[in-house]
Structures are given as C-alpha cells and as structure tokens.
Amino acid sequence: MSDSVLVAVAWPYANAEIHVGNLTGSYLPADIFARYQRLRGRKVLMVSGSDSHGTPITVRADAEHTTPLEVYQRYHNGFLQLFQQLGLTYDLFTSTQTANHWNISQKMFLALKQNGFLYKESQPQWFAPSQGRFLPDRYVEGTCYICGYTNARSDQCDNCGNLLDPALLINPRSKIDGSTPELRSTEHYFLDLARLQDVVVEFLHLRESYWRPNVLRQSLNQIEHEGLHGRAITRDLDWGIPLPKGDATEGKEWENKRLYVWFEAVIGYVSASIEWSKIHGEEEAWREWWQKPDSRSYYFIGKDNIPFHAIIWPAEIIGAENTFDQLLGSQNPRRLNLPYDVPANEFMNLEGQKISGSRNWAVWASDFLSRYDPDTLRYYLTVNMPESKDTDWDWEEFYHRNNDELVATWGNLANRVLAFANKHWEGKVPEPGPLTALDEDLLRTVNDGFKSVGDELEAVHLRAALAEAMRIASEVNKYLDQTAPWQSVKTSRQDAARAIYTAIRAIDSLKILFSPFLPFTSERLHAMLGYTTPLFGSQKVSEHQDELGVHRVLEYDPAPATGTWAPGNIEPGRALVNPLPLFKKLDASMIEEERARLGAQK
C-alpha cells in the first residue's frame, strides 16, 4: 500500500440539508477510511467542498426570491457546522466558489481544448418562452425515455441512473412554472468522449480485480450499450464559472455561458488539493497525491455519481494529459493520476420508501444530532451501509442496534471493567502476575484483529470491518464470563486482578479498532484509560480571502494525534480516570416518536 492516500469525497450541492442517505453514501465512509489510513501512519489528504454552481442552487434561489450566492453561503455554513459535529476529518472542505477553483477549472478547459478534445457544436436546448431564457437541465423534468420514470431530470434519470440526452426527454415541463419548453438551437463546447472511449474502457478493465461489481457493471454496461458520445461542457447560465478569456470565447454570445457544473465539479478534487497546499505554504505539495506513481486515490460517492467519476473524470484527466500541468507552470509536466478506486455505495431508503426531501421523508442529520450522539449515528449508518445493494433505515432496528450492540456488547464491557478496577484497585490497572493460556489466547485474538479488521478496511469493506471489531468485543465478554472476576475477587484477588488486567489490555486495543467508526467515544475511553494525548487531531473553521470575497473552509489539524494501528500495551499501575457510560440506552418509546416525525410538515 502506498504511503500517500488521496480521499476524494462527493461534493454536496449547497441547496439542501444533508440527510442520513447522503452521509452513509459517501461522507461517512470517506472519514472512516481516512481515519484508518492516518492510524496506519500514511499521508492522507481528504478533500471536498460545497458544489455551489449546480442548478439546484439557482432553482432554490428562484424559489426563495434570493440569489444563488446567498443560498450557497447559507448551506455551506451549515455543512461546516454539521461535519464538525459528526467528526468528518476533511483536510480541506472548501467550495467551488473560490478564485482558485475557477482558475484550475479554466486551465482544465484550456488543456482539453489545446489537446484537441473539445469541439463546438450547436445543439437543441430547452427554452422557456414564458421566461425568455434557456433552461438548465435541472430546470426541466419529464419522462425518462429509457426506463419510463416520470420525474427524470433532463440530463440524468435518478431512477435508472443513466445519463440522458435532454432533447429526447418525453413530456418535458419547466420546474419553474410547469410550462412546456421548446427546443431551440444554441452553440456550446463539447468534450469528445467518443475519441476517449477506448482509453476509458482500458482504464476500467485494469481495475476489474478489485473494484466493486456494481461500479464496474454500471460503467462498462453504459459504454457497451450506448457508447460514449460528445457531451456539452458549457451552458447558458449567469451563475457559475465563466469560460477563460481569450481564444476560448468568440463573440458576445459566449459572455453569458458558463462551464457546466458536471464538468467543473470533479475538477474540484485537484483544485481543493492545490488550495490545501497554498494554505499550508507548500504550493507544490499537492503533487504528492496527484502525480506520485504509487499514490492511491479513492473516490467516495453515491451510485448516482458513478458515470461522472468512473467514466467522465478519467476521460478529462487523460484528455488533458501533460498540457494541464504545463498550464499550471510545471517545467516537467506530467499527467494527473487516474482514480485507483471508486467505492461507490448504493442508496439508503427510509422505512421502506425512498428518501424524499420535498415530502420530508428523511432523517435529517442536524435534527438527529439534536437528540442523539454522533457515534450512535455513525455506528448505525456503518452497520447498515449500502455497499453492495440498497439498504433501509428502520427506527426499530436503530433502537435494537444501539441497545443490543453499542450499549450491551461494547459500552457495558468498557464501563464495567473500568468501574471494577476503580473500585477494587484504587483506580489503577492491577498487577496481573503470570498470564494463563486463556489470557494469552484472548490477547492473541484481539491482536489478530488489527489484521482482520485492517484487511477489511483496506478493501473498503466497512460493514465487515465494524462487524469484526464487534465480534472481537464479544470474545472479551465471553472471556469475562469464563473468568468471572466479579466472583473470584472474593476468593482470589490475584485471579481477579489477572482477568481485569487482561480485559483492560483488550479494551485498550479495541478502542483503536473501533476508533475509525466511533471516534468520539474512542477518544473518551482513551482518556479514561489514563492517556493524556488524543488519538486524532482536531478540526477548525477558518476564513480565506480571494478575488471572489471571503470564503470559509473546514480544516483538519493532525497535531498532536498519537494514535497508531497497533495493539495496546497498557502497563500495570497506570492511573485510570473514573469511567462514565460511553453510550446511552434508549427507551422503546422513541421508535414511534421518530416515525411520527417522518413526513410531518417542517
């Protein structure tokens, strides 16, 4: 495994709150993976930001009679607060509304143009006579001509996942006023995907041995059945990144065109990396993750974004070749690294129905955290993560997972052992004396977990990794049932001391195994075990000024993190801190209380 790991995370549209389906789809798995890689001592760069230019933002602004800038800023600030509450350790969470991102996106456009992979073509686009303007694709809905879904966007169907030709949409209607738009001709730049098809297919076949079958299947099937065709990368808009001045634009008709959001948003992964480098005063540091031959990049997205990350983004990288780096000022230009893995998740549904923000059929992350703890959410979303197929959030299952697993298996284990040591050995780790074969067997089982759990994490099998950690915790509980120190302390204080010492050693290691998934409680347990320096670093929100104004970002500071992916070896005599419960037991009444909130008017 390379020492340099890029964790690229889907960019949320800054037009809506984040729900649990968004979290388990991409944001949480990325953080779990990044935290694990940091514990392994690898150089991790986890980047993303708010997608501020998508038409969902302009749709929201129109509905609220405000500006896209105001909409983006409001939701972006909400994301910064939420991600801190959830412990998502972005090295940089920025936005596409920065001068740096505009500059990098324009350079990618020019590189593709200079390399001959862009061409101009007039195409029919939906025009609203009632509004006197061309409509962005997300302003038009209708029936998908592939699967028959009646609420498909004109550029992509959320039901079958296919990219669509807007001109083929059946029964189109404007989202603004419900009127029927008409097709009119307008000229745009196109990415020549047809010329790049062979290299994209080669790229996909090289990853067949380890990519998730659903990602490969969707990508290769789309190419096999439809082929790749030129796709417009500009749109008639007044919000977004303008085309670079100079040879890219000819005539006033190009002044009101902007780079298409699907084209420039994926460029955000490299622009955010460059921005991170500039913030840290090392302008060339980003190359460690983007051009070092053995660096690995992982793209955490939902299944609706597979075509953009497994097909289009690789095509952009290949098409820009060395010219992009040359435009960045490199004297020895090189191509950007292609994605190593795209571990896309499927969708999470809610109580048997698709999540729907418009119907308030959703568990909103901020609302959840007003009543429950973040690790409780992280745990349930991981054990129920839709890695290979759609899953379902069920409030009754959430209740049982919390009480029967988090509380009963793991939380009670840590609490009762530390409380027992506090009571009988003056709050210190007891001196065990010689360990028995049973003690050694348990510690061997726990230590082996660093390989078994680690192997699953390396393969981005997060559900399996967490299940393995919980299985090991169950083995410690079985050990305590066998040794029964609560009883033996009455007859053989030494036998009880040995069992409690062994259990504390195991808990010290389990704390690390659980920490990528449950960072808040793992840090608290770490402190209860008498450690004074944290496992992980901290997060902060900072402000930066550029030509577009002041923008706020979320940053991860790794210092003074000391956690390592290795078994604990806590020494006898260490002073322990008086333990407190790690998790809260829930009352069964919460099930119906939470179900009653679903679909209620906000």
Side-chain angles (χ1 to χ4, degrees), residues 6-18 22 26-27 30-31 45-61 64 66-86 88-109 237-244 258-283 285-286 289-290 328 366 537-557:
L6 175 70
V7 180
V9 195
W11 294 59
Y13 276 125
N15 77 309
E17 294 180 42
I18 286 174
N22 305 134
S26 55
Y27 314 139
D31 180 67
L45 183 62
M46 177 172 160
V47 293
S48 185
S50 294
D51 187 340
S52 55
H53 298 143
T55 49
I57 289 91
T58 61
V59 170
R60 169 76 69 172
E64 295 179 355
T66 185
T67 66
L69 180 63
E70 290 173 335
V71 169
Y72 140 67
Q73 289 177 333
R74 182 171 80 250
Y75 283 100
H76 176 69
N77 288 334
F79 296 162
L80 299 180
Q81 180 180 359
L82 174 64
F83 292 162
Q84 281 185 290
Q85 289 177 294
L86 283 169
L88 304 188
T89 52
Y90 290 98
D91 289 280
L92 182 67
F93 184 87
T94 178
S95 84
T96 56
Q97 185 62 11
T98 68
N100 171 73
H101 178 70
W102 283 32
N103 175 52
I104 300 303
S105 298
Q106 290 172 339
K107 282 182 168 54
M108 179 64 75
F109 174 95
L237 297 167
D238 55 7
W239 171 247
I241 302 176
L243 277 66
R258 298 291 182 268
L259 294 180
Y260 210 159
V261 65
W262 68 260
F263 170 77
E264 54 100 348
V266 290
I267 302 170
Y269 299 118
V270 65
S271 71
S273 302
I274 292 172
E275 182 181 348
W276 176 86
S277 295
K278 291 177 179 178
I279 289 172
H280 289 268
E282 303 176 54
E283 298 218 356
W286 64 275
W289 292 272
W290 282 96
L328 292 178
S366 293
S538 58
Q539 301 154 287
K540 65 177 181 179
V541 173
S542 56
E543 295 185 347
H544 301 280
Q545 176 100 34
D546 63 23
E547 297 92 315
L548 298 180
V550 175
H551 63 282
R552 305 176 76 228
V553 302
L554 181 62
E555 299 178 77
Y556 175 69
D557 182 359

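We number each residue from 1, following the sequence as shown.
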Interatomic distance, CG@Leu82 vs CD1@Ile18, rounded to 0.5 Å, equals 5.5 Å
Heavy-atom closest pair (Pro242 atom, Leu259 atom, distance to 0.1 Å) is O-CG, 4.5 Å
Residues passing the side chain to side chain donor-acceptor pair (under 3.5 Å) test with Tyr269, sequence neighbours excluded, are His309
Applying side chain to side chain donor-acceptor pair (under 3.5 Å) to Glu275 and not counting sequence neighbours gives Thr94, His551
Sorted by chain and number, sequence neighbours left out, ring-ring contact (aromatic ring centres under 6.0 Å, His included) with Tyr556 holds for none
(request) I would like to know whether Arg60 and Tyr75 meet side chain to side chain contact (heavy atoms under 4.5 Å, CB included); could you show each step before the answer? (result) CA-CA 11 Å; Arg60 169 76 69 172; Tyr75 283 100; 3.5 Å; yes
Those residues at least two apart in sequence (or on a different chain) that pass side chain to side chain donor-acceptor pair (under 3.5 Å) with Thr98 are none
Those residues at least two apart in sequence (or on a different chain) that pass ring-ring contact (aromatic ring centres under 6.0 Å, His included) with Tyr27 are Phe83
Heavy-atom nearest pair, Arg258 first then Leu237, reads CG-O, 3.5 Å
Scanning both residues in full, the closest heavy-atom pair of Gln539 with Leu88 reads NE2-O, 2.6 Å
CG (Asp91) and CG (Leu554) are apart, to the nearest 0.5 Å, by 10.0 Å
Distance col, row Glu264:CD vs Gln106:CD, nearest 0.5 angstrom, shows 10.0 Å
Shortest non-hydrogen pair, Val47 vs Tyr90, comes out as C-CD2, 4.3 Å
Sorted by chain and residue number, the salt bridge (Lys or Arg N to Asp or Glu O under 4.0 Å) partners of Glu543 (sequence neighbours excluded) come out as Arg552
Applying ring-ring contact (aromatic ring centres under 6.0 Å, His included) to His544 and not counting sequence neighbours gives none
d(Asn100 CG, Ser105 OG) to nearest 0.5 Å is 9.0 Å
Practice task
Would you check, one step at a time, whether the test side chain to side chain contact (heavy atoms under 4.5 Å, CB included) holds for Val261 with Thr55?
Solution key: CA-CA 8 Å; Val261 65; Thr55 49; 5.7 Å; no
Side chain to side chain contact (heavy atoms under 4.5 Å, CB included) filter on Thr67, not counting sequence neighbours, yields Leu69, Glu70
d(Leu45 CG, Ser273 OG) to nearest 0.5 Å is 4.5 Å
Value for OG (Ser50) from CG (Asn77), rounded to nearest 0.5 Å, stands at 8.5 Å
Would you say that more than 12 heavy atoms from the other residues, nucleotides or ligands in this model lie under 6.0 Å from the CG of Asp238, or not? no
Side chains of Thr96 and Trp11: do they bring a donor and an acceptor to under 3.5 Å?
-> no
Sorted by chain and number, sequence neighbours left out, side chain to side chain donor-acceptor pair (under 3.5 Å) with Thr89 holds for Asp31, Arg38
In Trp262, Tyr13, Tyr72, Trp239, the residue satisfying ring-ring contact (aromatic ring centres under 6.0 Å, His included) with His53 is Trp239
Heavy-atom closest pair (His76 atom, Ala14 atom, distance to 0.1 Å) is N-CB, 4.5 Å
Determine, stepwise, if the pair Glu555 / Leu92 fulfils side chain to side chain contact (heavy atoms under 4.5 Å, CB included). CA-CA 5 Å; Glu555 299 178 77; Leu92 182 67; 4.1 Å; yes
In short, Ser48 meets Pro12 closest at the heavy-atom pair OG-CD, 4.4 Å
Sequence neighbours excluded, the answer for ring-ring contact (aromatic ring centres under 6.0 Å, His included) partners of Trp276 is His280, Trp289
The salt bridge (Lys or Arg N to Asp or Glu O under 4.0 Å) partners of Glu283 (sequence neighbours excluded) come to none
Hits for side chain to side chain contact (heavy atoms under 4.5 Å, CB included) against Gln81, two or more places apart or cross-chain, chain-then-number order -> Gln85
Go through it in stages, so that I can follow the logic: the residues are Leu328 and Ile104, the test is side chain to side chain contact (heavy atoms under 4.5 Å, CB included), and I'd like the CA-CA distance, side-chain angles, deciding distance and then a yes or no.
CA-CA 8 Å; Leu328 292 178; Ile104 300 303; 3.6 Å; yes
